[in-house]
Structures are given as structure tokens and as C-alpha cells.
Colleague: 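Sharing a structure, written as C-alpha cells. Questions coming.
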Amino acid sequence: MKNSRPQAANYFPRDRAWHPQAYAPGYKSSVLRAPQRPLIAFANTLSETTGPAFGHDMIGQLDNDLTLNFAQPGMSAIGERIVVQGRVMDERGQPVPNVLLEFWQANAGGRYRHKKDIYLAPLDPNFGGCGRTVTGDDGAYAFRTVRPGPYPWPNGPNDWRPAHIHISVFGQAFAQRLITQMYFEGDPLIPRCPIVKTINDPAAIDKLVARLDMESSAPMDSLTYRFDIILRGSRSTLFENRLEGN
Amino acid sequence: MTNVTPTPLYPFKESPSQTAGPYVHIGLTPNFCGIEGVYDQDLGIAMVTDKTRGERITVEGRVFDGSGTPLKDVLVEIWQADADGLYNSPAEPRGTADPAFTGWGRCAADQTTGHFRFETIKPGRVPFSDGRLQAPHISIWIVARGINLGLNTRIYFEDEAEANATDPVFERFEHQDRVTTLLAKGGNGTYSHDIHLQGPQETVFFDI
Ligand SMILES: [Fe+2]
């Protein structure tokens with residue numbers, strides 16, 4: 001076992017021109033937190049191509065419903081009710097099943113339930129702001145929430161975050177670990193946001209914008225937004241999927 | 001001749017990252033930040049049980065910005081092999097890891113001091129892509145406000161000098177003096193490891 005030749009998958013390298021730049025002075029917090037020396041690359045080992053797994057049994061019934069999971073019995077969060085749904089896939093278009101997604105967001109007024117958030121918009125006593133789910137066999141996921149409000153933040157003299165939901169994703173490998181943010185189609189604050197603008201490529205920014213999905217929206221209940229998440233793919237994805245199916 | 005539509009090898013691009021922001025705790029460690037009752041407990045706070053095989057260790061440290069100030073809003077995750085060098089993962093092809101060891105930990109830094117701390121075990125050795133053994137190491141992933149794409153680095157152990165001397169990843173370093181930025185100091189089960197995002201002691205970060 002110790003010296004066996006590993007069958008490590010090779011993940012496609014991260015395209016660091018597509019991702020946000022580490023040093024992005026328009027986002028002031030990045031200035032002292034961006035490494036300055038070149039990253040060192042090496043071929044993936046099992047330390048990168050393995051990763052923790054989380055079972056469906058870990059997920060509570062209300063974990064993916066932010067309108068209810070912090071609310072008093074019989075109550076629900078205030079705001080525009082929405083469902084966010086989509087699929088987690090890899091760069092080859094293969095679904096990524098059974099991976100944990102975690103979400104967090106401000107309430108409908110743009111206020112986070114966090115002691116560091118001192119924005120004057122009020123807390124909603126029935127809204128905590130966190131949720132989670134595990135993808136299905138087809139990589140699909142969904143959660144219900146309220147549409148978060150935009151909020152001002154101390155960066156430039158008058159910077160506002162567009163409405164957004166933070167999303168953390170595990171893949172099958174530690175090399176796929178990703179945190180991103182989902183924005184909403186049509187929000188005029190998106191092109192003005194210094195955090196959005198840490199990404200240089202408009203096509204990349206567009207991938208973070210969820211689309212209104214009227215066909216999937218539940219009449220008299222909630223609008224649906226569609227947001228697919230792509231994780232790094234590997235050269236042996238197909239092979240691995242076959243192995244797992246055996 | 002039939003017409004074949006070429007299938008692109010790489011039809012999609014990875015979703016671009018965005019910073020975890022200052023409120024990452026709400027999503028990843030809600031109990032830690034006072035949002036109780038949604039999840040029983042925060043994920044990743046217990047890696048070992050009393051049945052876990054291997055040498056118990058604690059690893060503690062801080063993450064410093066370019067001014068030398070510890071990040072108090074940082075969140076780190078670690079991923080490591082068990083005492084035999086196996087990962088507790090469906091993607092581990094070599095065998096079954098110790099079921100009493102998760103291999104994965106998550107810790108939000110102390111909001112006053114910036115310390116992270118993990119109670120874990122000394123990992124076994126894992127092969128490099130060419131089959132040679134790597135020195136014992138823990139993979140770390142660091143996210144915070146101001147970090148636009150999670151940072152990958154590793155923790156090695158100062159007291160594993162023999163294994164460190166032949167580690168295949170260290171061989172890649174053009175500047176060998178940077179190896180020390182990855183070595184946790186200490187021994188007898190207690191290690192400290194600080195991470196520097198910038199400056200003369202800047203930690204080596206990896207493009208994995
Ligand atoms: Fe936010």
C-alpha cells in the first residue's frame with residue numbers, strides 16, 4: 001500500500017486569469033491579504049484528489065429552507081420568497097453527485113445576523129441566514145430562501161454590494177473546494193461592485209448571475225432562480241464514474 | 001466517412017471564485033457565531049474520537065496579513081491522511097481509511113486573537129505522483145474577507161527532518177529557504193504553525 005503507484009486524477013489547472021485576481025486594489029481588503037510571491041505548482045497527488053464526503057443523512061429536513069430553519073413555529077422569514085436551483089457539474093459537464101453545498105446571506109433588508117454587521121437595517125427575528133444541502137445523483141440541488149437585500153459596506157465612500165448569496169461547494173476532491181457568490185439577473189449594482197470587479201472577464205462575471213426561471217416558479221408561492229455551479233474537471237472523471245458505478 | 005461533431009474536452013469553465021467575506025461564519029460555522037438551533041453542531045469541529053488510531057497532536061496557529069496583523073475573520077479547513085497514509089474519502093483508491101478519523105477539519109479563527117486550533121493525529125505518508133513518498137503533511141485551505149480565491153498551502157512538521165529532506169514537493173522549490181515557511185514548530189504532540197500572506201516570511205502557497 002505504502003509504495004503503490006497512485007491512480008491520482010489530474011485536475012485541469014485553475015485558470016487564474018478567469019478567477020478574480022488575488023491583488024485587486026479596488027477591493028481594499030485584498031491589498032494586504034494577497035500573496036505576492038508566485039504560487040508553486042506540482043502534479044496532483046492523493047492529497048489533492050481526495051476529499052471529505054458528507055452524506056444525505058446529515059441534512060436536516062429544514063436545512064435547505066432558510067425561510068423556516070431559524071423561524072419560530074408557525075412563522076417564516078420576511079421577504080421575497082425565492083427558490084434557487086441548479087446543478088453542480090464539472091468542467092466536462094459531468095454531474096457532481098453527493099457533494100455538500102452551504103449557503104449564507106443577508107436578510108431581505110441587507111442585514112447579516114453577525115456581530116460584525118452594524119448596518120442600520122433591522123434583523124429579522126425569523127431569519128438566521130444559513131442553509132445547506134447535498135446534491136442528488138444528477139448533481140441537482142435546490143433551496144428556498146428570501147431574496148437578500150443589497151447593503152452598503154466600508155470600502156469606497158459609497159460602495160454597495162449587489163444582492164447576493166454566498167455559496168460554499170465541496171467536490172469529490174480537496175482540489176475542487178470552492179466558495180463563490182451568486183448574483184441576481186438585472187441587478188444594476190453588479191457592474192458597480194468592487195468585489196465583482198475583482199474578476200476581469202465579463203464572461204466570468206456572467207457565470208455568477210442567476211437567471212429567473214419563470215417556468216419553474218411556483219404560482220402564488222415563490223419565484224425560481226437558476227444557478228449552475230461548475231467545479232474543476234479531471235482527465236479521469238469518466239473513468240472514476242464508471243468505477244464508482246461498479 | 002461520417003461527420004463527427006468534435007466534443008470539446010473541456011466544455012465548461014470552473015465557476016469563478018468570490019471572497020468568503022467577513023460573514024463566512026454564518027454559513028460555515030453558524031453555532032460559532034451565535035446562530036444556534038439550525039444545525040446540531042458546526043461541521044469539522046471534531047476530527048478524532050477515542051478510537052482513532054495514531055499519534056494525537058494539536059496544531060495551532062494564526063494567519064498574518066502584510067502588516068503583521070493576525071486575521072481575526074479567517075476560516076481554515078484542513079485535510080489529511082490517517083495514521084497509515086490513507087484518506088477517508090470515496091476518491092481514495094488504495095484501501096479503507098480509519099473509520100474513526102474524518103481527516104477533515106474546519107476552524108474559524110478566534111475573533112479576539114486570530115488563533116486556529118485543530119486536535120488531530122500525525123498523518124501517515126502519502127505517495128507523490130511518481131510513487132515516491134511525501135513527507136507527512138496536512139493540506140490547508142484558507143478563506144477570508146480580502147481573499148478572492150481560497151489559498152492552498154500545507155503544514156509539514158519540523159520534527160520529521162528525515163522525511164522532509166526527500167519530500168518531492170519541496171524539491172520543486174527554487175528557493176529552498178522557503179521550505180521553513182511550511183514547517184510546524186514543536187514536538188511531543190504540540191505544534192504551532194503561523195501563516196504569512198505577505199512579507200519576508202511569506203508562506204508558500206500552491207497552485208494545486
Ligand atoms: Fe455578503
Side-chain angles (χ1 to χ4, degrees), chain A residues 1 3-8 12 15 18-20 22 24 29-30 32-33 35-37 39-43 45-53 69-70 91 93 102-104 112-114 116 128-130 166 168 172-175 177-181 195 198-199 204 207-208 229-232, chain B residues 10-23 25-28 30 33 35 37-38 65-67 79 85 87 89-95 102-104 125-129 131 133-134 137 139 141 143-151 169 172-173 197-198 202 204-208:
Chain A
M1 178 196 307
N3 260 324
S4 63
R5 200 172 176 89
Q7 311 159 12
F12 298 135
D15 181 348
W18 173 258
H19 279 287
S29 295
S30 75
L32 287 173
R33 295 184 171 197
Q36 295 175 323
R37 304 197 51 173
L39 304 181
I40 294 179
F42 57 91
T45 75
L46 287 157
S47 303
E48 291 76 42
T49 61
T50 58
N69 68 15
F70 191 77
E91 289 167 299
E102 295 162 288
F103 322 103
W104 68 102
Y112 283 98
R113 186 172 288 280
H114 193 286
K116 291 273 178 193
C130 61
H166 297 264
S168 159
Q172 288 151 343
F174 207 56
R177 192 79 180 83
L178 182 71
I179 282 179
T180 189
Q181 300 181 29
I195 288 178
T198 62
I199 301 174
K207 298 295 183 195
L208 299 183
I229 298 165
I230 310 297
L231 299 180
R232 293 171 70 184
Chain B
Y10 205 132
F12 297 99
K13 288 185 80 84
E14 186 184 16
S15 296
S17 172
Q18 291 272 262
T19 179
Y23 310 121
H25 315 102
I26 296 173
L28 303 191
C33 74
I35 298 176
V38 182
D65 73 12
S67 76
W79 175 240
Y87 284 98
S89 170
E92 168 60 85
R94 297 168 299 159
T102 67
W104 177 76
R125 298 180 70 174
V126 177
F128 193 61
S129 51
L133 287 177
Q134 304 179 83
H137 64 272
S139 298
W141 184 70
V143 294
R145 170 176 65 87
I147 295 176
N148 292 325
L149 174 59
L151 298 172
V169 170
R172 315 280 305 205
F173 291 14
L197 300 178
Q198 297 179 349
E202 182 174 320
V204 169
F205 296 100
F206 293 118
D207 189 1
I208 60 172

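Every chain is numbered from 1, with letters handed out A, B, ... down the list of sequences.
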Colleague: Is chain B contacted by the side chain of F103(A), its backbone, both, or neither, given a heavy-atom distance below 4.5 Å?
Modeller: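 Backbone of F103(A) only, per the 4.5 Å heavy-atom cut-off to chain B.
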Colleague: Do you know which of I199(A), I40(A), I229(A), T198(A) has the most heavy-atom pairs under 4.5 Å to chain B?
Modeller: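 Most heavy-atom pairs under 4.5 Å with chain B: I40(A).
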Colleague: Is there a donor-acceptor contact under 3.5 Å from the side chain of W141(B) to the main chain of F174(A)?
Modeller: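 No; judged by distance alone, with no hydrogens or angles, the pair does not exist.
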Colleague: Which residue out of A53(A), G51(A), A175(A), G129(A) racks up the most heavy-atom pairs below 4.5 Å with chain B?
Modeller: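 Highest number of heavy-atom pairs under 4.5 Å: G51(A).
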Colleague: Between V204(B), V38(B), D65(B), who has the most heavy-atom pairs with chain A when the cutoff is under 4.5 Å?
Modeller: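 Among the listed options, the one with the most contacts to chain A is V38(B).
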Colleague: Is a side-chain donor or acceptor of Q181(A) paired with a backbone partner of T19(B) at a separation under 3.5 angstrom?
Modeller: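 Between the backbone of T19(B) and the side chain of Q181(A) there is a qualifying donor-acceptor contact (under 3.5 Å).
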Colleague: Would you please test K13(B) and I230(A) for side-chain contact (heavy atoms from CB on, under 4.5 Å) and show each step?
Modeller: CA-CA 7 Å; K13(B) 288 185 80 84; I230(A) 310 297; over 6 Å; no
Colleague: Please name the pair of heavy atoms, one in S17(B) and one in T180(A), separated by the smallest distance, quoted to 0.1 Å.
Modeller: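 Looks like C-OG1, 3.9 Å.
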Colleague: Which bit of A204(A) is near chain B, if near means a heavy-atom gap under 4.5 Å: side chain, backbone, both or neither?
Modeller: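 When you check distances to chain B, atoms from both the backbone and side chain of A204(A) fall under 4.5 Å.
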Colleague: Among residues at least two apart in sequence or on other chains, which ones pass side chain to side chain donor-acceptor pair (under 3.5 Å) with H166(A)?
Modeller: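 Once residues adjacent in sequence are excluded, the partners of H166(A) under the side chain to side chain donor-acceptor pair (under 3.5 Å) criterion are Y112(A), H164(A).
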Colleague: Between atom CD1 of I179(A) and atom CG of N148(B), what is the distance when rounded to the nearest 0.5 Å?
Modeller: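 Atom-to-atom, I179(A):CD1 and N148(B):CG are 12.0 Å apart.
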Colleague: Quick one: what part of E92(B) sits under 4.5 Å from any heavy atom of chain A, side chain, backbone, both or neither?
Modeller: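 The answer is both parts of E92(B).
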Colleague: Please classify the contact between K116(A) and chain B as side chain, backbone, both or neither, with a heavy-atom cut-off of under 4.5 Å.
Modeller: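 Contact with chain B is through both the backbone and side chain of K116(A).
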Colleague: Which atoms form the tightest heavy-atom contact between E91(A) and E14(B), and what is the distance?
Modeller: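 Taking E91(A) first and E14(B) second, the nearest heavy atoms are OE2-N, 3.5 Å.
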Colleague: Looking at every non-hydrogen atom in both residues, tell me the closest pair between A91(B) and T49(A) and how far apart they are.
Modeller: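 So the minimum-distance heavy-atom pair works out to CB-O, 3.4 Å.
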Colleague: Compare every heavy atom of S47(A) with every heavy atom of Y87(B), then report the nearest pair and how far apart it is.
Modeller: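 Looking at all heavy atoms of both residues, the closest pair is OH-OG, 2.6 Å.
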Colleague: Chain B: which of R113(A), R177(A), K207(A) shares the most heavy-atom pairs with it under 4.5 Å?
Modeller: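 It is R177(A).
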Colleague: Can you tell me which portion of L208(A) sits under 4.5 Å from chain B's heavy atoms? Options are side chain, backbone, both or neither.
Modeller: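 Side chain only.
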Colleague: If you round to the nearest 0.5 Å, how far is OH of Y23(B) from CH2 of W104(A)?
Modeller: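 The OH atom of Y23(B) is 13.0 Å from CH2 of W104(A), to the nearest 0.5 Å.
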Colleague: At a heavy-atom distance under 4.5 Å, which candidate from C33(B), A20(B), S139(B) has the highest pair count against chain A?
Modeller: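 Most heavy-atom pairs under 4.5 Å with chain A: A20(B).
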Colleague: To the closest 0.5 Å, what do you measure between OG (S15(B)) and CH2 (W18(A))?
Modeller: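 Going from the OG atom of S15(B) to the CH2 atom of W18(A) covers 9.0 Å.
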Colleague: For the interface with chain A, which of S67(B), P22(B), G103(B), G27(B) has the highest count of heavy-atom pairs at distances below 4.5 Å?
Modeller: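 Counting heavy-atom pairs under 4.5 Å, the top option is G27(B).
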Colleague: Between the main-chain N or O of T45(A) and the side-chain N or O of S129(B), is there a donor-acceptor pair closer than 3.5 Å?
Modeller: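 Such a contact is absent between S129(B) side chain and T45(A) backbone.
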Colleague: Considering only heavy atoms, which portion of T50(A) lies under 4.5 Å from any heavy atom of chain B: side chain, backbone, both, or neither?
Modeller: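 Answer is both: backbone and side chain atoms of T50(A) are under 4.5 Å from chain B.
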Colleague: Is N69(A) in contact with chain B via its backbone, its side chain, both, or neither, using a 4.5 Å heavy-atom distance?
Modeller: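 It is both, since atoms from each part get that close.
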Colleague: Could you tell me how the ring of F42(A) sits relative to the ring of F128(B): parallel (under 30°), tilted (30 to 60°) or perpendicular (over 60°)?
Modeller: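 Judged by the thresholds at 30° and 60°, the geometry between F42(A) and F128(B) is tilted.
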Colleague: Pick whichever of I147(B), V143(B), V169(B) has the most heavy-atom pairs under 4.5 Å with chain A.
Modeller: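 If we count pairs closer than 4.5 Å to chain A, V169(B) comes out on top.
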Colleague: For the atom pair CG (L149(B)) and NE2 (H19(A)), what is the distance rounded to the nearest 0.5 Å?
Modeller: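 Answer for the CG-NE2 pair, L149(B) versus H19(A), is 5.5 Å.
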Colleague: Taking every heavy-atom pair that is under 4.5 Å apart, which of P30(B), G66(B), S89(B) has the most such pairs with chain A?
Modeller: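 Sorted descending by pairs with chain A, the first entry is S89(B).
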Colleague: List the residues meeting side chain to side chain donor-acceptor pair (under 3.5 Å) with S29(A), not counting sequence neighbours, and say none if there are none.
Modeller: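 Here the qualifying residues are R145(B).
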Colleague: Non-hydrogen atoms of chain B under 4.5 Å away: do they reach the side chain of S168(A), the backbone, both or neither?
Modeller: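 The answer is the side chain of S168(A).
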